[in-house]
Novice: 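Below is one structure. I have some questions about it.
All figures in this text were calculated on a predicted structure; none of them were measured in a lab. In what follows, residues are counted from 1 in the order of the sequence shown.
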Amino acid sequence: MQGVWHSPDGSVYVTDSVRLYKADVGHDKGNIVLAPNGEPIAGNYPDVTRLTKMWTEPKRQFEISTADLHKAIDILYTTGKATENPKQANNLLLKGNTLSFQTFDVKARYELSAGLGDEKVGLQAKFLWDAVRLFKAGGCENIFVKFFGKMRPVFFESENLLILIMPLREW
């Protein structure tokens, strides 16, 4: 499912089937579903609220400053796009406190101020970049990262924003 759901409680949900964004914005549009092009969609939006409530006990969680994560992604994503194989560089590995990628010609890593301990997860750089820019644009100083397992969505949360990103299957 791709689209935007303005839920009756004032939250907005946006999904593209790999990511889910939930923003508590307090809109007054009622219950409306829009396609990515802005056109109304007939019918019901899938019950994505269950995804945000399905997992409650993370294996690992940590808090990181938005500025630190933004800097890491900016460096790695920009570097990755300049490699001979930018598609491969789009696959980031978060292992412990290290965020990295590796291609045939380049290895890049960034040490974060917090991390997953002994856990690791692969994430697409583009999706993480989009998420962190949204947190920064929203004025969020810190992001809470919740890891529920290798094949479960990774939750990125602040006061009024929740983003779920599906991990890569390679790690």
Novice: Among K120, R169, K59, which one satisfies side-chain contact (heavy atoms from CB on, under 4.5 Å) with K150?
Specialist: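 It is K120, the one option of K120, R169, K59 that forms the side-chain contact (heavy atoms from CB on, under 4.5 Å) with K150.
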Novice: Kindly indicate whether the side chain of F127, heavy atoms from C-beta on, has any atom under 4.5 Å from the side chain of L168.
Specialist: no
Novice: Run the salt-bridge test on D118 and K95 with the 4.0 Å N-O cut-off and return the result as yes or no.
Specialist: no
Novice: I'd like to know if the side chain of S113 pairs up with that of D68 as donor and acceptor (distance under 3.5 Å, no hydrogens or angles considered).
Specialist: yes
Novice: Working to the nearest 0.5 angstrom, can you tell me the gap between I165 CD1 and R19 CZ?
Specialist: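 Nearest 0.5 Å value for the CD1-CZ distance: 7.5 Å.
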Novice: Between F148 and F155 (judged by ring centroids, cut-off 6.0 Å), do the two rings come close enough to count as a pair?
Specialist: yes
Novice: Do F104 and Q88 have side-chain heavy atoms sitting under 4.5 Å apart?
Specialist: yes
Novice: Closest heavy-atom contact between D24 and S11?
Specialist: OD1-OG, 2.7 Å
Novice: Evaluate the side-chain contact (heavy atoms from CB on, under 4.5 Å) criterion for residues F135 and L161: first the C-alpha distance (whole Å), next the side-chain angles of each, then the deciding distance (0.1 Å), finally the verdict.
Specialist: CA-CA 8 Å; F135 281 109; L161 186 60; 3.6 Å; yes
Novice: Evaluate the side-chain hydrogen bond (donor to acceptor under 3.5 Å, both in side chains) criterion for residues T103 and N85: first the C-alpha distance (whole Å), next the side-chain angles of each, then the deciding distance (0.1 Å), finally the verdict.
Specialist: CA-CA 7 Å; T103 67; N85 192 346; over 6 Å; no
Novice: Once you round to the nearest 0.5 Å, how far does OG of S65 lie from CG of L112?
Specialist: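 That separation rounds to 9.0 Å.
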Novice: L134, V4: one ILVMFWY side-chain cluster at the under-4.5 Å cut-off?
Specialist: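 Yes; V4 is reachable from L134 via cluster members.
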Novice: Taking it one step at a time, do E141 and T66 satisfy side-chain hydrogen bond (donor to acceptor under 3.5 Å, both in side chains)?
Specialist: CA-CA 5 Å; E141 291 186 23; T66 302; over 6 Å; no
Novice: Take the angle between the ring planes of H70 and W129 and call it parallel below 30°, perpendicular above 60°, tilted in between.
Specialist: tilted
Novice: Is a salt bridge present between D74 and K71, judged by a nitrogen-to-oxygen distance below 4.0 Å?
Specialist: no
Novice: Roughly how far apart are L116 CG and L94 CG, rounded to 0.5 Å?
Specialist: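 Going from the CG atom of L116 to the CG atom of L94 covers 4.0 Å.
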Novice: State which residues pass side-chain hydrogen bond (donor to acceptor under 3.5 Å, both in side chains) with N160; sequence neighbours excluded, sorted by chain then number.
Specialist: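 For N160, no residue satisfies side-chain hydrogen bond (donor to acceptor under 3.5 Å, both in side chains) once neighbours in sequence are set aside.
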Novice: What's the shortest heavy-atom distance between G115 and F62, and which atoms?
Specialist: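 Between these two residues, the closest heavy atoms are O-CD2, 3.1 Å.
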Novice: Between M166 and V121, is there shared hydrophobic-cluster membership here, with clusters defined by ILVMFWY side-chain heavy atoms closer than 4.5 Å?
Specialist: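 Both belong to a single hydrophobic cluster.
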Novice: Within this structure, what is the NZ-CG distance for the pair K146 and L164, rounded to the nearest 0.5 Å?
Specialist: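 Answer rounded to 0.5 Å: 10.5 Å.
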Novice: In Å, rounded to the nearest 0.5 Å, how long is the span from NE2 of H6 to CG of L34?
Specialist: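 Result: 4.5 Å between the selected atoms.
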Novice: Would you confirm whether T78, through its side chain, and I75, through its main-chain N or O, come within 3.5 Å as a donor-acceptor pair?
Specialist: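 No: the side chain of T78 does not pair with the backbone of I75.
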Novice: Pick from I73, L76, T79: which one makes a side-chain contact (heavy atoms from CB on, under 4.5 Å) with Y110?
Specialist: L76
Novice: Tell me whether the count of non-hydrogen atoms from other residues, nucleotides or ligands lying under 6.0 Å of CZ in R60 goes above 12.
Specialist: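 Atom CZ in R60 is packed in, count exceeds 12.
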Novice: Evaluate the side-chain contact (heavy atoms from CB on, under 4.5 Å) criterion for residues S100 and K107: first the C-alpha distance (whole Å), next the side-chain angles of each, then the deciding distance (0.1 Å), finally the verdict.
Specialist: CA-CA 8 Å; S100 64; K107 290 181 184 180; over 6 Å; no
Novice: Would you kindly say whether N142 and E63 are connected by a side-chain donor-acceptor distance under 3.5 Å?
Specialist: yes
Novice: Does Q61 reach the side chain of F147, with side-chain heavy atoms less than 4.5 Å apart?
Specialist: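 Side-chain contact under 4.5 Å: no.
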Novice: In Å, rounded to the nearest 0.5 Å, how long is the span from CG of N90 to CZ of F101?
Specialist: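 With rounding to 0.5 Å, CG (N90) is 10.0 Å from CZ (F101).
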Novice: How far apart are the C-alpha atoms of D9 and S7, what are their side-chain angles, what is the distance that settles it, and do they pass the side-chain hydrogen bond (donor to acceptor under 3.5 Å, both in side chains) test?
Specialist: CA-CA 5 Å; D9 71 358; S7 73; 2.4 Å; yes
Novice: What do the steps show when you test L20 against I163 for side-chain contact (heavy atoms from CB on, under 4.5 Å), and what is the final call?
Specialist: CA-CA 6 Å; L20 172 69; I163 299 174; over 6 Å; no
Novice: Following the transitive rule for hydrophobic clusters with a side-chain heavy-atom cut-off under 4.5 Å over Ile, Leu, Val, Met, Phe, Trp and Tyr, establish whether V154 and V14 coincide in one cluster.
Specialist: yes
Novice: Take Y13 and L51 through the side-chain contact (heavy atoms from CB on, under 4.5 Å) test and state the conclusion after the steps.
Specialist: CA-CA 11 Å; Y13 293 84; L51 294 174; over 6 Å; no
Novice: Should F156 and L162 count as side-chain neighbours, where that means a heavy-atom distance under 4.5 Å?
Specialist: no
Novice: Do you know the tightest heavy-atom contact between P167 and L123?
Specialist: CA-CD2, 4.1 Å
